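A short worksheet on the structure shown next.
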2 protein chains.
Amino acid sequence: MVSFPSAPDDLFKAYAYEQLATIGKALCAPARLVILNVLCQGERTVEVLAGHAGLSVANASQHLQVLRRANLVESERQGNKIIYRVADRNVVGFFTSMKELAAERMSSLQVAFSEISAAPSRLAAVGREELLSLVEAGIAVVIDVRPSEEYRSGHIAGTVSIPLDRLSDHLSWLPADKEIVALCRGSYCILADKAVDILRELGLSARRAIDGVVEWELSGLPVERETGQRLEASVEGDHGGQ
Amino acid sequence: MVSFPSAPDDLFKAYAYEQLATIGKALCAPARLVILNVLCQGERTVEVLAGHAGLSVANASQHLQVLRRANLVESERQGNKIIYRVADRNVVGFFTSMKELAAERMSSLQVAFSEISAAPSRLAAVGREELLSLVEAGIAVVIDVRPSEEYRSGHIAGTVSIPLDRLSDHLSWLPADKEIVALCRGSYCILADKAVDILRELGLSARRAIDGVVEWELSGLPVERETGQRLEASVEGDHGGQ
DNA sequence: ACCATATTCAACTGGTCACTTGAATACTTG
DNA sequence: CAAGTATTCAAGTGACCAGTTGAATATGGT
């Protein structure tokens with residue numbers, strides 16, 4: 001560069017950090033984070049995503065384009081609809097580490113949350129190592145309380161699908177002598193908390209898992225997918241979770 | 001939760017994503033990213049950080065407080081000055097993966113950049129595996145072209161400190177029969193590019209490393225630190241790098 | 001105690017972003 | 001080819017954010 005004026009250097013620096021900031025900007029609106037979190041679990045249509053985030057379709061579409069400009073998600077036309085998905089497996093890992101980083105801040109909230117909740121489900125949450133050992137020892141059953149569509153589009157092998165809103169239908173055959181561990185979408189999702197509260201009120205031994213299906217998948221557990229099955233519009237069954 | 005109104009659920013969801021967005025907001029201003037990148041290499045004073053980012057001290061202070069509110073950095077008073085550092089080793093890892101995620105977007109820029117640059121240093125950059133094998137085979141020398149203060153505060157074992165602005169003083173003893181690999185702060189830093197251009201103009205075989213010292217450190221290489229040595233105010237020697 | 005230095009606070013301004021609304025585009029189905 | 005559905009575009013509004021300036025706070029040295 002010797003004979004190089006310094007201007008292009010600053011230009012490069014400015015441009016580089018501007019590009020980097022594009023990713024940051026994509027992650028600074030809560031609505032986009034909700035969308036991204038849903039997309040980390042599988043591909044979805046615009047309408048479904050708008051429902052999850054509580055946005056108008058037009059608004060959700062704009063948020064999605066911000067995410068796409070940041071190269072975090074990509075879209076593809078499939079028949080009548082346009083489906084969005086994360087652009088890369090790395091995005092899932094990156095977003096997960098962001099959530100883990102925020103978990104520290106969240107801990108204060110979780111304490112406050114457990115105080116208004118009937119059962120301190122969050123504080124007794126089950127970590128990965130413990131859950132694995134519980135399952136291996138055969139003294140725990142893991143139930144996946146997400147809506148059944150999500151279970152179908154990808155779940156950890158060995159878990160049983162019991163959507164939260166159908167939990168009462170399956171109470172009869174749940175073992176009273178084993179511990180029940182509820183699995184949902186992760187620490188930002190409260191489906192498992194609700195399930196645990198219900199089960200405990202019935203006298204069963206239940207706890208929630210700290211991590212969600214996506215985190216387990218990232219840590220290398222085998223995942224089963226029902227291929228060909230696609231998530232169509234149906235936000236029903238999602239009782240404020242995530 | 002059974003007997004729980006759904007309002008607190010939405011409150012939790014909203015609060016959780018708001019907290020997560022705090023981190024995103026901290027990363028959406030280029031100036032803050034520059035600051036964070038410098039902090040990933042070691043603790044600094046406000047004045048130094050302001051110099052790196054090209055901001056007024058008051059402005060840099062405000063940016064630092066945004067970063068602190070997001071729990072990404074922490075501050076400590078040391079005598080007359082206040083030094084900032086990353087709050088957690090995980091922050092370095094997280095920020096690194098963010099940069100890697102952006103690298104894809106950057107590739108287009110790197111091509112454009114190499115076109116105006118005398119030598120296509122970026123395109124021939126050396127990755128980790130290759131560099132390790134080159135060093136093991138004894139056919140490459142690795143020079144650390146960052147300012148000497150940064151080298152002192154932490155560098156990879158086996159590398160030699162040759163600050164870019166003193167490169168001409170060390171030309172005599174650089175081996176002509178080996179390949180010279182220049183190491184700097186990473187792909188967002190152009191110090192190594194400049195060094196390579198100088199060396200090539202002199203007929204030496206030189207390439208830059210893709211990654212910076214921080215990335216190498218994260219991947220497990222032994223790091224040497226001169227303890228007790230602290231980075232005092234001195235932006236001099238930083239020729240537009242980062 | 002006083003001054004110099006380092007950092008933060010407070011008030012202000014221009015620009016950018018999120019959300020709304022109404023229209024336009026693109027594809028599928030009859 | 002027409003009608004319907006899904007998504008995107010375009011314009012407008014209110015809120016928030018980055019940067020500036022000048023003053024306030026806090027520490028160390030004399």
Side-chain angles (χ1 to χ4, degrees), chain A residues 14 17-36 38-39 43-70 72-85 230-235, chain B residues 14 17-18 20-36 38-39 43-70 73-85 230-235:
Chain A
Y17 280 96
E18 214 170 282
Q19 292 298 316
L20 196 55
T22 309
I23 294 184
K25 287 195 188 116
L27 300 172
C28 70
R32 281 195 288 269
L33 295 170
V34 175
I35 289 176
L36 192 56
V38 175
L39 283 180
E43 52 190 40
R44 302 291 149 96
T45 66
V46 177
E47 191 188 358
V48 172
L49 293 169
H52 274 279
L55 301 170
S56 72
V57 175
N59 197 3
S61 173
Q62 285 173 177
H63 280 301
L64 281 165
Q65 280 162 67
V66 175
L67 288 171
R68 191 173 49 188
R69 253 175 266 136
L72 296 177
V73 309
E74 60 185 21
S75 63
E76 181 197 344
R77 179 137 228 154
Q78 277 198 359
N80 209 2
K81 314 194 172 191
I82 293 185
I83 59 165
Y84 279 84
R85 69 174 76 92
R230 191 135 272 147
L231 287 178
E232 295 304 333
S234 91
V235 188
Chain B
Y17 280 97
E18 214 170 282
L20 197 57
T22 308
I23 294 184
K25 286 193 186 120
L27 301 172
C28 70
R32 281 195 288 269
L33 295 170
V34 174
I35 289 176
L36 192 56
V38 175
L39 283 179
E43 51 191 40
R44 303 291 150 96
T45 65
V46 176
E47 191 188 358
V48 172
L49 292 169
H52 273 281
L55 301 170
S56 71
V57 175
N59 196 3
S61 173
Q62 284 173 172
H63 280 302
L64 281 165
Q65 280 162 67
V66 175
L67 288 171
R68 191 173 50 189
R69 253 175 266 135
V73 309
E74 60 186 20
S75 63
E76 181 197 345
R77 179 137 226 154
Q78 276 197 359
N80 207 3
K81 315 192 171 193
I82 294 183
I83 59 165
Y84 279 83
R85 70 174 77 91
R230 191 138 269 145
L231 286 177
E232 296 302 334
S234 89
V235 188

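Throughout, protein chains are lettered first and strands after them, A, B, ... in sequence-line order, and every chain is numbered starting at 1. In this text the structure is predicted, and so the values were computed from the model without any measurement. FYI, side chains are in, hydrogens and waters are out, and symmetry mates aren't considered; it's all heavy atoms of this structure.
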- Message: Between B:R32 and B:K25 (side chain of the first, backbone of the second, donor and acceptor by atom type, cut-off under 3.5 Å), is there such a pair?
- Response: yes
- Would you give a per-nucleotide map of nucleotides 12-21 of chain C, 5' to 3', where B means the base has a protein non-hydrogen atom under 4.0 Å away, S means only the sugar-phosphate does, and - means neither? -----SSBB-
- Task: Please state how far atom CD in B:E47 lies from atom C1' in D:dT27, giving the value in whole angstrom units.
- Result: 16 Å
- Output for pair (A:L33 CG, A:C28 SG), nearest 0.5 Å, gives 8.5 Å
- Message: Please report the interatomic distance CZ(B:R69) to CD1(B:I23), rounded to the nearest 0.5 Å.
- Response: 14.0 Å
- Kindly compute the distance separating OG1 (A:T22) from CG (B:L27), expressed to the nearest 0.5 Å. 12.5 Å
- Message: Quick check: closest heavy atoms across A:V66 and A:A26, and the distance to 0.1 Å?
- Response: CG1-CA, 4.1 Å
- Atom pair distance, as rounded to whole Å: CD in B:E76 and P in D:dT27: 13 Å
Using the 3.5 Å cut-off, write out each protein N or O paired with an N or O of nucleotides 23-30 of chain C and the distance between them.
none

- Message: If I take atom CG in residue A:L67 and atom P in nucleotide D:dT8, what distance separates them, rounded to the nearest angstrom?
- Response: 12 Å
- Euclidean distance, atom CD1 of residue A:I35 to atom P of D:dT7 [Å, nearest integer]: 13 Å
- Item | Approximate separation, where rounding is to 0.5 Å, of A:L36 CG and A:L49 CG | 10.0 Å
- From A:L64 CG over to A:Q62 CD, what is the distance, rounded to the nearest 0.5 angstrom? 10.5 Å
- Rounded distance (Å) that lies between atom P of D:dG29 and atom NZ of B:K81: 12 Å
- Item | Pairing residues for A:L55 by the side chain to side chain contact (heavy atoms under 4.5 Å, CB included) criterion, not counting sequence neighbours | A:A31, A:I35, A:A53, A:N59, A:A60, A:H63
- State, to the nearest 10°, the angle formed by the axis through the first five base pairs of the helix from C:dA1-D:dT30 to C:dG30-D:dC1 and the axis through its last five. 30°
- Does A:E74 have any salt bridge (charged side-chain N to carboxylate O under 4.0 Å, His left out) partners at least two apart in sequence or in another chain, and if so, which? A:R85
- Task: Round to a whole Å and report the spacing from CD1 of B:I82 to C1' of C:dC9.
- Result: 13 Å
- Task: Check whether any side-chain heavy atom of A:T45 lies under 4.5 Å from a side-chain heavy atom of A:N80, and answer yes or no.
- Result: no
- Would you say C:dT8 has OP1 or OP2 under 4.0 Å from some side-chain N or O of B:Y84? yes
- Step by step, would you call B:H52 with B:R44 a side chain to side chain contact (heavy atoms under 4.5 Å, CB included)? CA-CA 11 Å; B:H52 273 281; B:R44 303 291 150 96; 4.3 Å; yes
